[in-house]
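Data first, discussion second: the structure below is written as C-alpha cells.
Letters go in sequence order (proteins before strands), and every chain restarts at 1. These numbers come from the heavy atoms of this one structure, side chains and all, not from hydrogens, waters or symmetry mates.
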There are 4 protein chains.
Amino acid sequence: MALASGQRVRRAAVKLFATRGFHGTGIRDLARAAKLSSASLYHYMGTKEDLLADIMRDCLRDLITAATETLDGVQDPRERVIRLVTLHVRTHATQPEETRIVDNEIHVLSPNAQRSVIALRDEYERLWTQAIADGLAQGVFRTTQPAVTRIALLEMCNGVARWYSPRGQLSLDELGAHFAELALRGLGACPHGCTEGRSGGE
Amino acid sequence: MALASGQRVRRAAVKLFATRGFHGTGIRDLARAAKLSSASLYHYMGTKEDLLADIMRDCLRDLITAATETLDGVQDPRERVIRLVTLHVRTHATQPEETRIVDNEIHVLSPNAQRSVIALRDEYERLWTQAIADGLAQGVFRTTQPAVTRIALLEMCNGVARWYSPRGQLSLDELGAHFAELALRGLGACPHGCTEGRSGGE
Amino acid sequence: MALASGQRVRRAAVKLFATRGFHGTGIRDLARAAKLSSASLYHYMGTKEDLLADIMRDCLRDLITAATETLDGVQDPRERVIRLVTLHVRTHATQPEETRIVDNEIHVLSPNAQRSVIALRDEYERLWTQAIADGLAQGVFRTTQPAVTRIALLEMCNGVARWYSPRGQLSLDELGAHFAELALRGLGACPHGCTEGRSGGE
Amino acid sequence: MALASGQRVRRAAVKLFATRGFHGTGIRDLARAAKLSSASLYHYMGTKEDLLADIMRDCLRDLITAATETLDGVQDPRERVIRLVTLHVRTHATQPEETRIVDNEIHVLSPNAQRSVIALRDEYERLWTQAIADGLAQGVFRTTQPAVTRIALLEMCNGVARWYSPRGQLSLDELGAHFAELALRGLGACPHGCTEGRSGGE
DNA sequence: CATGAATGAGGCTTCATTCAT
DNA sequence: AATGAATGAAGCCTCATTCAT
C-alpha cells in the first residue's frame with residue numbers, strides 16, 4: 001500500500017526543513033514533495049509552524065523515552081554517560097534530519113511553541129546533568145567545569161547529524177564507542193577504571 | 001562621527017542573519033536596521049546573497065589570518081592545537097554572530113558562492129588536520145580516529161557561538177583553556193606532558 | 001428532539017449572513033455553526049448563493065402573506081398604512097437577521113437570483129404605494145412627494161432591524177405605534193381623524 | 001495631470017467597497033481599478049482594513065466639520081434640525097459611496113478600528129441629540145420618544161444614499177427641504193411656527 | 001445521512017529587486 | 001548618496017465545491 005498522505009507530508013517536511021531550513025521551505029515545496037496540492041496539505045497539518053513544532057516535539061519525546069529506557073536501573077555514572085552518548089550519537093546519525101531540525105530551527109518558533117520545545121529539551125538534558133553530577137559526587141569524573149563540559153559534549157554529539165554518513169568507514173557502533181570515549185575523556189574519567197582502590201570501582 | 005551607511009548595512013546583516021537566518025531576514029528588515037530605505041541598501045551590496053557570502057568570506061579570511069599568525073614558528077603539535085582551539089573558541093565567543101552565520105547558512109548559498117566559502121573553510125581546517133597529523137606522527141597524540149576526532153572537536157568548539165555569554169562566570173581565557181584541555185584529552189594527549197623524556201615536552 | 005440538520009443549516013446561515021455578511025461568512029463557518037462537516041452542508045442546500053436567495057425569498061414571501069392578510073378588507077388608507085407600518089416594524093424587530101439580509105445582501109446575488117428577489121420586494125412595496133396613492137386620492141394624506149416619502153418611510157422602518165432590542169424599554173406594540181404615527185405625520189395625515197367632515201372618513 | 005496613484009487607490013476603494021462591500025472586494029479588484037499592481041497598492045495603504053477605516057474616519061470627520069460649521073451660531077432648535085437634516089441628506093446624496101460604507105461596513109472592522117469609527121459617529125450624532133433635546137426643552141418639539149425618533153430619522157436620511165439619483169426629478173435642494181419637513185413633522189414641530197406667542201417665535 | 005480527502009482558484013500580504021529622480 | 005514608486009513572483013493560507021466511501 002502506498003504511504004498515507006499524512007505520512008508523506010511529515011516525511012517531506014522533515015527532509016525539507018532539515019536541508020533548506022524552515023524559512024527556506026515553501027508551502028509549495030512541501031506540497032510537491034508530498035504529492036499533494038498545497039491546499040490539501042492543510043488537511044494534515046495546522047500551520048507550517050505547527051508542523052515544525054510537531055516534528056520537534058515528537059523527536060524530543062522519542063529521545064526522552066529511549067534515554068529513560070536505556071538508563072533504567074543503571075547506577076554507574078560512567079555507564080550512564082556511555083549510554084547517553086551512544087544513544088544521542090546513534091539518534092543523530094540515523095535521524096540526522098529530525099535532529100538537525102531540533103538543533104537548528106528552534107529560534108523560528110513563536111514564543112509559545114518555543115517554550116514547549118525547550119521544556120522537552122531541558123527535560124532531556126537533565127538526564128545528562130544528573131549523570132555528570134553523580135559522577136562528580138562519586139569521584140568518578142574530574143572536571144572543574146561540569147556545566148560547560150556538558151554543553152560542549154552535547155554540541156560535539158549534535159554535530160554528528162551534520163556530517164555522519166552511513167556510507168562512510170565508521171559503523172554506528174564504532175561511532176558511538178568513539179564518542180563515548182571522547183566524552184569520558186572530557187569528563188576526566190579514565191576509561192579503564194581509574195577509581196580502583198577508591199570505593200571499589202564499578 | 002556617525003557610523004557610515006555601508007558599515008551599518010554590514011552590522012545589520014550580521015546581526016539579523018545570525019539571529020533570524022538568511023531566509024528569515026527580509027530586505028526590509030535589513031533596511032530598517034541600517035536606517036536606510038530598502039532601495040538604498042543596493043548602493044552598499046550586490047544581492048542579498050552577495051552580502052551573505054561576503055560576510056562569510058571575511059569571517060573565514062580573518063580566522064585564517066589569525067590562525068596563521070598564531071601558529072607562526074610553533075613546532076609542538078600540542079601547542080599548535082592549544083593555540084588553534086583557543087583562537088577558534090575566542091573567535092566564536094567574541095564574534096558569535098559572524099561565526100554562526102558561517103556555520104549555519106552555508107547551505108543557502110548558490111553553488112558558486114558555496115564553493116568559494118567551502119574552499120576557505122577547508123583551508124582553515126587543514127591547519128587543524130596538519131597539527132593533529134603531526135601530533136600523531138610524533139606520538140604526542142593517541143587516537144584511532146583522527147578525522148572523526150577533529151570534526152568532533154570542531155563541532156564542540158563551534159557550539160561556543162551558540163551558548164557563550166560574556167556575562168557568564170567564565171572569562172574568555174578560562175573558556176579557551178578549558179576547551180584546549182578538552183581537545184588535548186580527546187586527542188589522547190595528557191595535559192601534564194605525558195611524553196616527558198621524549199623531546200622535552202612543552 | 002434535536003433540531004433537524006436542515007433547520008440547523010438555515011438558522012446558522014441566517015445568523016451568520018446577518019452578522020458577518022454573505023462574503024464574510026465562509027462555508028466552514030456555516031458548517032461549524034450547523035454542527036456538520038462542510039461537505040454535509042451540501043445535502044441541505046445548493047450553492048451558498050442558493051441558500052442566501054432562499055432565505056431572502058422566504059422572508060419576503062412571509063412578509064407579503066402577512067401583509068395581505070392584515071390588509072384584508074381594510075378600506076381606510078390611514079388604517080392600511082398603520083397596519084403596514086406596524087407589521088413591517090414588528091417583522092424587522094422580531095426577525096432582524098432575516099430582514100437585514102434582505103435589506104443588505106441583495107447586491108451579492110447573481111442577476112437571475114436578484115431579479116426573483118427584487119420581484120418579491122416590488123410586489124410587497126406595491127401594497128405601500130397603493131395605500132399611499134389611495135390616501136392621496138381621498139385627500140387623507142398630503143404630500144407633494146409620495147414616492148420619496150414612501151421610500152423614506154420604508155428606510156426608516158427598515159432601520160429598526162439594525163437597532164431595536166427586545167431588552168430595551170420599548171415594547172413591540174409601542175414601537176409599532178410610534179412608527180405608525182411617524183408615518184402618518186410624514187404623509188401629512190393628522191392621526192386624530194383630521195379629514196372628518198370631508199368625505200365621511202372612517 | 002493624471003490623478004496621483006494614491007488618489008486612484010482611494011477612489012477605487014470607495015467605489016468598490018460601496019458597491020460590492022468590503023469582503024466582496026478583492027485586493028486584485030482594487031489594483032485593477034487603481035491601475036496598479038496589487039503589490040503597489042501597499043505603497044499607499046496599510047492593510048485593506050486600514051484603507052476601509054481611513055475612508056470611514058475621513059468621511060465622518062468631514063461630516064462633523066461641516067455640521068459644526070453649519071450650526072455655528074444657530075440657536076433655534078428647528079433651524080438646527082433643518083440644517084442637520086439638510087446637510088446629512090445632501091452628503092448622502094452627493095457622496096453615496098462613502099456614506100454607504102460608513103453605514104454598512106462598520107461591523108467588518110476589528111474591535112480597535114471599530115471603536116475609533118464609532119467614537120466619531122457618536123460625536124456626530126450628539127449634535128442631533130442636542131438639537132432635539134433643546135427643542136423639547138423649549139417646547140418646540142413634541143414627541144414622547146426622542147431617542148427612537150432621532151434614530152428613526154437618521155435611518156431615514158441614511159437611506160438617501162441607497163436610492164437617490166442626481167438624474168431623478170428631485171434636485172438636491174428639494175430633497176433636503178422635503179426631508180427637513182419630514183423630520184420636523186416627525187418631531188411634532190409645526191412647520192409654520194407653532195410656537196408663536198410663546199417666546200417670540202424664530 | 002454523513003464525511004474525509006482532495007483541489008483549482010483565489011484570499012491578503014510580502015518578497016527581492018530595479019529605476020527614474 | 002538616497003529614495004519613492006513600481007512590480008512579478010511568491011509568501012502562507014482559505015475559498016467553495018466535488019466525490020468516493
Closest heavy-atom pair and its distance - R8(D), A34(D)
NE-O, 2.8 Å
Against L52(D), only a single residue in V14(D), V117(D), L109(D) fulfils side-chain contact (heavy atoms from CB on, under 4.5 Å); can you say which?
L109(D)
Please report the distance, rounded to the nearest Å, between CG in D50(C) and P in dA16(F).
14 Å
What is the separation between atom CG on D29(B) and atom C1' on dG11(F), rounded to the nearest whole Å?
14 Å
R32(A) has an atom CZ; how far is it from atom C1' of dG11(F), in whole Å?
14 Å
Using 4.0 Å as the upper bound for N to carboxylate O, is an ion pair formed by R57(B) and D54(B)?
yes
When we call it a touch if two heavy atoms are under 4.0 Å apart, what does L36(C) touch: a base, just sugar-phosphate, or nothing?
sugar-phosphate
L41(C) CG to dA16(F) P, straight-line distance once rounded to whole Å:
10 Å
Distance check needed: dA16(E) C1' versus H23(B) NE2, whole Å only.
12 Å
Note: for T25(C) and G46(A) on DNA chain F, the residue whose nearest nucleotide lies more 5' is G46(A)
Measure the distance from NZ on K48(A) to C1' on dT14(E) and round it to the nearest whole Å.
13 Å
Salt bridge flag under 4.0 Å for residues R10(C) and D58(C)
yes
For dT21(F), give the paired nucleotide (Watson-Crick: N1-N3 plus N6-O4 or O6-N4; G-U: N1-O2 and O6-N3; both under 3.5 Å), or none.
dA2(E)
note: R8(B), atom CZ; dA1(F), atom P; distance rounded to Å ~ 13 Å
Per Y42(D) side chain, nearest of listed nucleotides dA16(F), dT17(E), dT13(E)
dT13(E)
How many whole angstroms separate atom NE2 of H43(C) from atom C1' of dA2(E)?
6 Å
Residue whose nearest DNA chain E nucleotide is more 5′ - Y44(C) or M45(D):
Y44(C)
Using the closest heavy atom to pick a nucleotide of DNA chain F for each, name whichever of S40(D) or E49(A) lands nearer the 5' end.
S40(D)
Select from A39(C) and T47(D) the residue whose nearest nucleotide in DNA chain E is closer to the 5' end of that strand.
A39(C)
Proximity to the side chain of I27(D) - top-ranked nucleotide from dT7(F), dC12(E), dT3(E)
dC12(E)
Ignoring backbone atoms, test whether R28(B) places a side-chain nitrogen or oxygen under 4.0 Å from the OP1 or OP2 oxygen of dC15(E).
yes
Paired with dT13(E): which nucleotide, if any, by Watson-Crick or G-U wobble criteria at under 3.5 Å for both distances?
dA10(F)
May I ask you to say whether R32(D) pairs ionically with D29(D), meaning some side-chain N is under 4.0 Å from a carboxylate O?
yes
Looking only at side-chain N and O atoms, does S38(C) come under 4.0 Å of OP1 or OP2 in dT17(F)?
no
